Amino acid sequence: MAAPSFQAVLYPNPPLGRWGQTILILAVALVSGVVGVGFALAGAWPVTGFLGLDVVLVWLALRACARSARRAEVITLDETGLRVRRLGFGRSSGEWRFEPYWVRVGVEEPRRPDSPLVLRSHGRSLAIGRFLTLAERLDLARALDRALAAHR
C-alpha cells in the first residue's frame, strides 16, 4: 500500500499539564482554605463546605478538559479514497469514506468564527475540526482542496 498523498491529524489544544493542574488545584485549595478559616472564625462555618465544593468543581472541570483533549480526527487521502476517522468522541466516533472525485470541501460561512468545515458528497455531509480556530479550518480547507485537486 502506497503512502497517503494527504494526511492530517486534528486534535484540540491541550489543557494544562499534570503539574499545571496540580499547582492550580493546590492554589485554589489554599485560597479556599484561608477564606474558609476566616469565615469559620467569624461564625459562618457553613460557608467552608461551599468553598470545599469549589475545589472539587475546579478539579472535575480540569478532568473534563483533559478528557476532551484526547479526541482526534485523522483525515487521510490515498488510493482508496478520502477517509475521516474520529477517535475519542464517544457516540460520534467512527469512520467515514468519501470518493475524492466527488467530495467538496468548504467552510459554510467564512466570516463567522464558529462556522464548521464541511465535506460534502452525494447528499452526505460531515463537519470536521469543530475545535479548530477559524484560521486553522480555512488553512485545512485550502490544503485539503489542493490535495484533492492533485489526486484527481
Side-chain angles (χ1 to χ4, degrees), residues 1-78 80-98 103 105-121 124-148:
M1 186 165 162
S5 57
F6 178 84
Q7 185 168 19
V9 180
L10 312 177
Y11 51 89
N13 290 328
L16 292 172
R18 183 172 293 282
W19 282 109
Q21 289 180 8
T22 302
I23 290 170
L24 180 61
I25 289 294
L26 289 175
V28 169
L30 178 67
V31 170
S32 292
V34 169
V35 172
V37 167
F39 274 108
L41 292 174
W45 57 268
V47 173
T48 58
F50 290 105
L51 292 170
L53 181 62
D54 286 350
V55 175
V56 171
L57 291 175
V58 169
W59 177 71
L60 289 173
L62 287 172
R63 281 191 57 193
C65 285
R67 189 177 329 112
S68 71
R70 289 191 293 262
R71 301 179 305 170
E73 292 179 340
V74 181
I75 303 165
T76 308
L77 177 64
D78 58 17
T80 63
L82 179 67
R83 186 176 67 228
V84 177
R85 287 187 314 144
R86 283 192 177 150
L87 310 168
F89 279 80
R91 289 185 186 175
S92 62
S93 292
E95 185 169 326
W96 294 263
R97 290 186 175 275
F98 294 93
V103 70
V105 180
V107 176
E108 289 195 355
E109 294 179 42
R111 296 200 192 323
R112 289 187 48 206
D114 62 339
S115 185
L117 172 60
V118 180
L119 303 176
R120 285 185 169 66
S121 178
R124 296 184 320 156
S125 64
L126 177 66
I128 59 174
R130 289 188 182 269
F131 44 79
L132 299 175
T133 65
L134 179 60
E136 291 170 334
R137 284 192 300 267
L138 291 172
D139 287 344
L140 177 62
R142 284 190 289 271
L144 192 52
D145 255 345
R146 283 193 304 270
L148 286 166

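No experiment lies behind these values; they were computed from the predicted model shown. In this chain, residues are counted from 1 in sequence order.
Side-chain contact between Leu144 and Leu82: present, with at least one pair of heavy atoms (C-beta onward) separated by less than 4.5 Å. Considering only heavy atoms from C-beta on, Val28 stays 4.5 Å or farther from Trp59 through its side chain. Trp96 places none of its side-chain heavy atoms less than 4.5 Å from the side chain of Leu119.
Here the closest non-hydrogen pair linking Leu126 and Arg86 is CD1-NH2, 3.8 Å. Looking at every heavy atom in both residues, Ser32 comes nearest to Val55 through OG-CG2, 3.8 Å. The minimum heavy-atom distance between Phe131 and Tyr11, with the atom names listed, is CE1-C, 3.3 Å. The nearest pair of heavy atoms linking Val118 to Ser125 is CG1-CB, 3.7 Å.
Salt-bridge annotation for Arg142 and Asp145: absent, with no side-chain N of the basic residue lying under 4.0 Å from a carboxylate O of the acidic one.
When each of Leu134, Asp139, Thr133, Leu140 is tested with Glu136 by the rule side chain to side chain contact (heavy atoms under 4.5 Å, CB included), just one qualifies, namely Thr133.
With hydrogens and angles ignored, the 3.5 Å screen pairs no side-chain donor or acceptor of Arg85 with any backbone N or O of Val74. Glu73 places a side-chain N or O within donor-acceptor distance of the main-chain N or O of Gly129, the cut-off being under 3.5 Å. Side chain of Ser5 to main chain of Leu77: a donor-acceptor pair is present (N/O by atom type, distance under 3.5 Å, no hydrogens or angles).
With values rounded to the nearest 0.5 angstrom, Ile75 atom CD1 is found 6.0 Å from Phe6 atom CZ.
A donor-acceptor pair shorter than 3.5 Å cannot be found between the side chains of Asp78 and Thr76.
Under the rule for a salt bridge (charged side-chain N to carboxylate O under 4.0 Å, His left out), the partners of Arg120 that lie at least two apart in sequence or sit in another chain are Glu108.
For CZ of Arg124, the number of neighbouring non-hydrogen atoms (other residues, nucleotides, ligands) closer than 6.0 Å is greater than 12.
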